Amino acid sequence: MAKVTLPDGKTREYPDGTTVREVAESIGKRLAKDAVVGEVDGKPVDLFHKLSGDVKLRLITQQMPESLFHLRHSVAHVMAQAVLRLFPRTKLAIGPPIEDGFYYDMDPEKPFTPEDLEKIEAEMKKVVEADYPCTRADVLRTEAVERCLKEHQDYKVEMLGEWTDEKVSFYTQGDFTDLCRGPHIASTGRIPAFKLLRATGAYWRGDEKNKQLQRLYGTAWWSKEELEQYLHRVEEAKKRDHRKLGKELDLFSIHEEIGGGLVHWHPRGSMIRHVIEEEWNREHVKRGYLMVNTPHIASEEIYKISGHLENYKDLMYGAMLIEDRPFRVKPMNCPGHIMIYKTHLHSYRELPMRLAELGTVYRFEKSGVLHGMLRVRGFTIDDAHIFVTPKSVEQEIIDVFRFAVEWLAKFGFKDLAIYLSTRPEKSVGAAEDWERTQKALKHALDTAGVKYEVDEGGGAFYGPKIDVKVRDSLGREWQCSTVQFDFNLPSEKRFDLAYVGEDGNRQQPYMVHRALMGSLERFFGVLIEHYGGAFPVWLAATQATVIPIADAHIPYANEIAARLREAGFRADLDARNERTGHKIREATLLKTPYMLVVGEKEVAAKQVAVRERAGKDLGTMGIDRFEEILKEDVRKRT
RNA sequence: GCUGGCGUAGCUCAGUCGGCAGAGCACCUCCUUGGUAAGGAGGAGGUCGUGGGUUCAAAUCCCAUCGCCAGCUCCA
């Protein structure tokens, strides 16, 4: 007998060999219809999986988001099936489900073209219509190797060679069989909606030394409506793309003639940057940071000492000779900050010492990775280097991390992806230093009560770190905040940093690199997408545009704009010879928070008619009242 | 850097089979002084990314190259 415990705690008994599907049927018709796969003792299984003994069973239905994972995995198989029908000599690699879809890496004789994608999609529809049942065969690993060898599935053979399981499984649907752990949906006819999205290159096992395979991306959903909604969501997200909005809102530009990855901030973008920088300066001074400024080029000597020339050379621009001495454009701010630290012998009483700079650096990035403002070659890091004693390192890290979270929250970033990266195999520094600082980082995260992932061994060779990533409009993560320990630069063989401890002896301080925004360019790019270009009043380049109805009202409109600027607000006057509706449309498209329309009535009553960018009419009011609204918006950062 | 795709006016984009380079917006001039998302008329603006090739003839076909886009690798 099979004793089956269901999620509600109830237990049912069935004859040995009863399938998951039969259990579902015995409970209810609807459940049997909606069940996609089962989960036995926490492990996903097929509906035809036979039950025996004492088991916990959960049925995963279409209504559960995780069922999409299994659907998409199965659609990846259908895609591979279609590809093999059309291009029989294709070799298959791996085809997993991912967020919102799936992909399959394969090695065809010729790379896929967009037309191929259409053909593949059409062939997939035939597979779905044929409604092939998906079946499983467990075989010995050695047999599987033989089979894959015979079919020239080289990548599968390679994978099998690395697995240690005695038995592996194949899944078959119609004329197609694939090495796969499963489980799969019951039959190909149960795929209601899918679409192939793109074909790209992808290295085998993600290593650029390996052969580049072709990756086909697709998406699949339980209904045509959901598929449409997904495609619509992607379209909407594209409208928030910072590169598109950057052009439309006249925020920044990048010029082929000057070079890729080199950003030009236009007046409207630069205004916002200035607001951010002002806030940044204020918050740093408040927290005891000391502002410094360091040069943009430096003698190679400094990068020999720092080790950058040794470890970071690929990202640095070539040397320029100045009076026969090689100089480099700086890729990092740390050497400069360290030299400032080293001009004095410091007491433990002075630590933590926090040197901060909006420091512009230049790094060589391969042309293929440049991406608007999010990945560039010249950027300004909101950098700080903190020199701290082992004793106070824990509190300092808590403060730094809290600072980062508070800073991001100021801009409405609440949904953060946080990673703690620990000691890698190849590393410098004493084990106890690693241990102590990893503990401090972990403690800071736990104190803040945030969710985070631990990336074991993912730290830099010189120290452990916390990274905070923010998502762009298409869901791609970009690293912004970072808190990184460095056991390399302070060491004897590098800069040999020191402070005098309580006992009067020379000690080596810990050094922490940290950035809240990462770089102003990246942060601004993500910020544009985050707000969809509709910046809150405190950030908006123009907070209010004054719109005179006719020429006769220009002097009064001018007065209003001047008065607002006098009061510290950013106000424009649109005195062009255009109709009111035209000016309102343009100010709205520029996402200016407020439009102040002034005509005969307003001039006479000494008032302004206030319209919000969303279209809401706030009515007429005195300029004092409007200034209060602005003040309140700025205070609340809305 | 790699694989695929795309480069036409400042912007967004048409351009059929190889046969005189187009539209809307923006810009300039004039008219209009208009009350909450585009007032009217006229004008100017292009070496079709760049360099070769095929052809009587190339935006269009071929090759190379640069840039951009998607993904991979790498990264703030």
Side-chain angles (χ1 to χ4, degrees), chain A residues 103 105 108 110-117 197-217 238 241 243-244 247-248 250 253-257 259-260 312 314-315 331-333 359 361 363-383 460 467-470 474 476 478-482 484 513 515-523 525-526 547-554 577-589 595-602 609-618 620:
Chain A
Y103 68 79
D105 283 349
K110 276 190 219 135
F112 298 116
T113 64
E115 295 76 55
D116 291 338
L117 238 65
L197 299 174
R198 57 184 162 262
T200 71
Y203 298 104
W204 167 234
R205 293 174 182 277
D207 188 335
E208 80 185 304
K209 287 185 210 83
N210 287 341
K211 180 165 189 185
Q212 188 161 44
L213 310 177
Q214 294 297 307
R215 175 173 296 179
L216 293 175
Y217 280 97
K238 281 185 187 155
D241 190 310
R243 291 163 300 186
K244 186 174 152 70
K247 220 178 262 179
E248 287 171 5
D250 198 12
S253 59
I254 293 168
H255 305 269
E256 192 179 330
E257 300 86 331
Y312 213 73
D314 293 349
L315 285 170
M332 298 266 195
N333 298 307
V361 300
R363 297 181 189 171
F364 169 72
E365 299 282 356
K366 292 174 181 175
S367 60
V369 306
L370 299 177
H371 186 92
M373 289 192 117
L374 297 180
R375 187 80 182 270
V376 296
R377 286 180 173 157
F379 54 101
T380 301
I381 304 178
D382 67 313
D383 219 346
D467 290 326
V468 180
K469 299 185 184 187
V470 171
L474 291 173
R476 296 173 291 211
W478 296 92
Q479 183 174 322
C480 288
S481 312
T482 183
Q484 273 181 271
H513 309 257
L516 307 181
M517 296 182 274
S519 78
L520 282 160
E521 284 73 12
R522 177 172 290 178
F523 189 72
V526 178
I547 300 174
I549 287 182
D551 287 355
H553 316 123
I554 291 176
N577 179 10
E578 290 292 348
R579 291 181 130 76
T580 311
H582 186 83
K583 294 180 187 177
I584 284 180
R585 176 182 155 82
E586 297 211 334
T588 306
L589 291 175
M595 283 149 259
L596 308 180
V597 179
V598 295
E600 213 173 316
K601 281 183 289 188
E602 287 74 20
V610 182
R611 179 190 164 107
E612 285 182 340
R613 64 184 151 199
K616 193 177 169 197
D617 183 359
L618 297 189
T620 53

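Numbers restart at 1 for each chain; the letters A, B, ... are given by sequence-line order, proteins then strands. Owing to the predicted nature of the structure, the values given are computational and were not obtained by experimental measurement.
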* To do: Would you classify A/Q479 as touching base, sugar-phosphate or nothing, given that sugar-phosphate means primed atoms plus P, OP1 and OP2, and contacts are heavy atoms under 4.0 Å?
  => sugar-phosphate

* Given RNA chain B, 5'-ward residue of the pair A/K601 and A/M373, judged by closest heavy atom -> A/K601

* According to a strict under-4.0 Å criterion, is A/H553 in side-chain N/O contact with OP1 or OP2 of B/rU33? -> no

* If you look at every heavy atom in A/T580 and A/I547, which pair is closest and at what distance? -> CG2-CG2, 4.2 Å

* With rounding to whole Å, what would you report as the distance between B/rA21 and B/rG15 at their C1' atoms? -> 9 Å

* Structure fact -> Residues passing the salt bridge (Lys or Arg N to Asp or Glu O under 4.0 Å) test with A/R198, sequence neighbours excluded, are none

* Structure fact -> Per nearest nucleotide of RNA chain B, the residue lying toward the 5' end, A/L213 or A/C480, is A/L213

* **Protein-nucleotide distance (A/K211, atom NZ; B/rC72, atom C1'), rounded to Å** => 15 Å

* To do: Not counting sequence neighbours, which residues clear side-chain contact (heavy atoms from CB on, under 4.5 Å) with A/S367? List them please.
  => A/R377

* Within the pair A/H255 and B/rC68, is there a side-chain N or O less than 4.0 Å away from OP1 or OP2? -> no

Quick one: which protein N/O atoms are closer than 3.5 Å to N/O atoms of nucleotides 47-51 of chain B? Pair and distance per line, please.
none

* Heavy atoms under 4.0 Å, any strand shown: does A/E248 hit a base, just sugar-phosphate, or nothing? -> nothing

* To do: Using whole Å, report how far NZ of A/K583 lies from P of B/rA38.
  => 14 Å

* Describe the nucleic acid contact of A/G599 in one word from base, sugar-phosphate, nothing, applying a heavy-atom distance below 4.0 Å. => base

* Structure fact -> A/D314 meets the side-chain contact (heavy atoms from CB on, under 4.5 Å) criterion, sequence neighbours left out, with none

* **Protein-nucleotide distance (A/R198, atom CZ; B/rA70, atom C1'), rounded to Å** => 6 Å

* **Gap in Å between the two C1' atoms, one belonging to B/rC13 and one to B/rA26, rounded** => 14 Å

* Scan A/G518 against the nucleic acid and name what it touches under 4.0 Å (heavy atoms): base, sugar-phosphate only, or nothing. => sugar-phosphate

* Asked: Counting any heavy atom closer than 4.0 Å, what does A/Y217 reach on the DNA or RNA strands: base, sugar-phosphate only, or nothing?
  -> sugar-phosphate

* To do: Select one nucleotide: of B/rC74, B/rG5, B/rU36, the one nearest the side-chain heavy atoms of A/R611.
  => B/rU36

* To do: Give A/A552 one of three labels, base, sugar-phosphate or nothing, depending on what nucleic acid heavy atoms sit under 4.0 Å from its own.
  => nothing

* Nearest 0.5 Å, what's the OG1-CD distance between A/T200 and A/Q212? -> 8.0 Å

* Value in whole Å for how far the P atom of B/rC69 lies from NE2 of A/H371 -> 7 Å

* Asked: Taking atom P in both B/rC62 and B/rU55, what distance in whole Å separates the two?
  -> 16 Å

* To do: Using a heavy-atom cut-off of under 4.0 Å over every strand shown, decide if A/R375 touches base, sugar-phosphate, or nothing.
  => base

* To do: Would you classify A/G260 as touching base, sugar-phosphate or nothing, given that sugar-phosphate means primed atoms plus P, OP1 and OP2, and contacts are heavy atoms under 4.0 Å?
  => sugar-phosphate

* To do: Output all residues satisfying salt bridge (Lys or Arg N to Asp or Glu O under 4.0 Å) with A/K211, sequence neighbours left out; order by chain, then residue number.
  => A/D107

* To the nearest Å, how far apart are A/E586 CD and B/rC27 C1'? -> 12 Å

* **side-chain hydrogen bond (donor to acceptor under 3.5 Å, both in side chains) partners of A/D250, counting only residues at least two apart** => A/H266

* Nearest atoms (heavy-atom pairs only) where A/A515 meets A/I381 -> CB-CG2, 4.1 Å

* Given the P atoms of B/rC17 and B/rC61, what is the spacing between them in whole Å? -> 10 Å

* Using only heavy-atom distances, decide whether a donor-acceptor pair under 3.5 angstrom links the side-chain of A/R522 to the base of B/rC75. => yes

* Stacking of A/F379 on B/rA76 base (centres under 5.5 Å, planes under 30°) -> yes

* To do: Look at all strands and tell whether A/V361 reaches a base, only sugar-phosphate, or nothing, counting heavy atoms closer than 4.0 Å.
  => nothing

* **Heavy-atom pair of closest approach, residues A/D207 and A/Y203** => O-CB, 3.2 Å

* **Canonical and wobble pairing (Watson-Crick, G-U, under 3.5 Å) of RNA chain B, dot-bracket with |** => (((((((..((((.....[..)))).(((((.......))))).....(((((..]....))))))))))))....

* Asked: Would you say a side-chain N or O of A/T580 is under 4.0 Å from OP1 or OP2 of B/rU36?
  -> no

* Asked: Hey, is the side chain of A/K247 poking within less than 4.0 Å of OP1 or OP2 on B/rU12, counting only N and O atoms?
  -> yes

* Integer angstrom distance from the P of B/rA37 to that of B/rG7 -> 37 Å

* Taking OP1 and OP2 of B/rU36, is either one under 4.0 Å from a side-chain nitrogen or oxygen of A/R579? -> no

* To do: Could you tell me the separation between the CG atom of A/N210 and the P atom of B/rU3, rounded to a whole number of Å?
  => 15 Å

* Counterpart residues, side-chain contact (heavy atoms from CB on, under 4.5 Å), relative to A/L216 (two or more places apart) -> A/M79, A/V83, A/M106, A/F112, A/L117, A/I120, A/A199

* For atom P, what is the distance between B/rU60 and B/rC69, given to the nearest Å? -> 24 Å

* Take the protein atom CZ of A/R585 and the nucleotide atom C1' of B/rG34, then report the distance between them rounded to whole Å. => 18 Å

* Atom CD1 of A/I549 to atom P of B/rG35: distance rounded to whole Å? -> 7 Å

* Write down the distance separating the C1' atoms in B/rG43 and B/rU36, rounded off to the nearest Å. => 31 Å

* Please work out if A/Q484 contacts a base, only the sugar-phosphate, or nothing of the nucleic acid, heavy-atom cut-off 4.0 Å. => nothing

* Structure fact -> Hits for side-chain contact (heavy atoms from CB on, under 4.5 Å) against A/P331, two or more places apart or cross-chain, chain-then-number order -> A/Y303, A/Y312, A/M316, A/R363

* Asked: Between the base of B/rG1 and the side chain of A/Y203, is there a donor-acceptor distance below 3.5 Å?
  -> yes

* Quick one: the side chain of A/D551 and the base of B/rU33, do they pair up donor-acceptor inside 3.5 Å? -> yes

* To do: Rounded to the nearest 0.5 Å, what's the gap from NZ on A/K366 to CZ on A/R375? Could you check?
  => 9.5 Å

* **Check: A/K583 and A/P548 side chains under 4.5 Å, non-hydrogen atoms** => yes

* Asked: Has the side chain of A/E602 got a donor or acceptor atom sitting under 3.5 Å from an opposite partner on the base of B/rG35?
  -> yes

* To do: Pick base, sugar-phosphate or nothing for A/L197, based on heavy-atom distances below 4.0 Å to the nucleic acid.
  => nothing

* Roughly how far apart, to the nearest Å, are B/rA59 and B/rG22 at atom P? -> 13 Å

* To do: Starting at CG of A/N333, measure out to CG of A/D383 and round the result to the nearest 0.5 Å.
  => 4.5 Å

* Asked: How is A/G368 classified with respect to the nucleic acid when contacts are heavy atoms under 4.0 Å: base, sugar-phosphate, or nothing?
  -> base

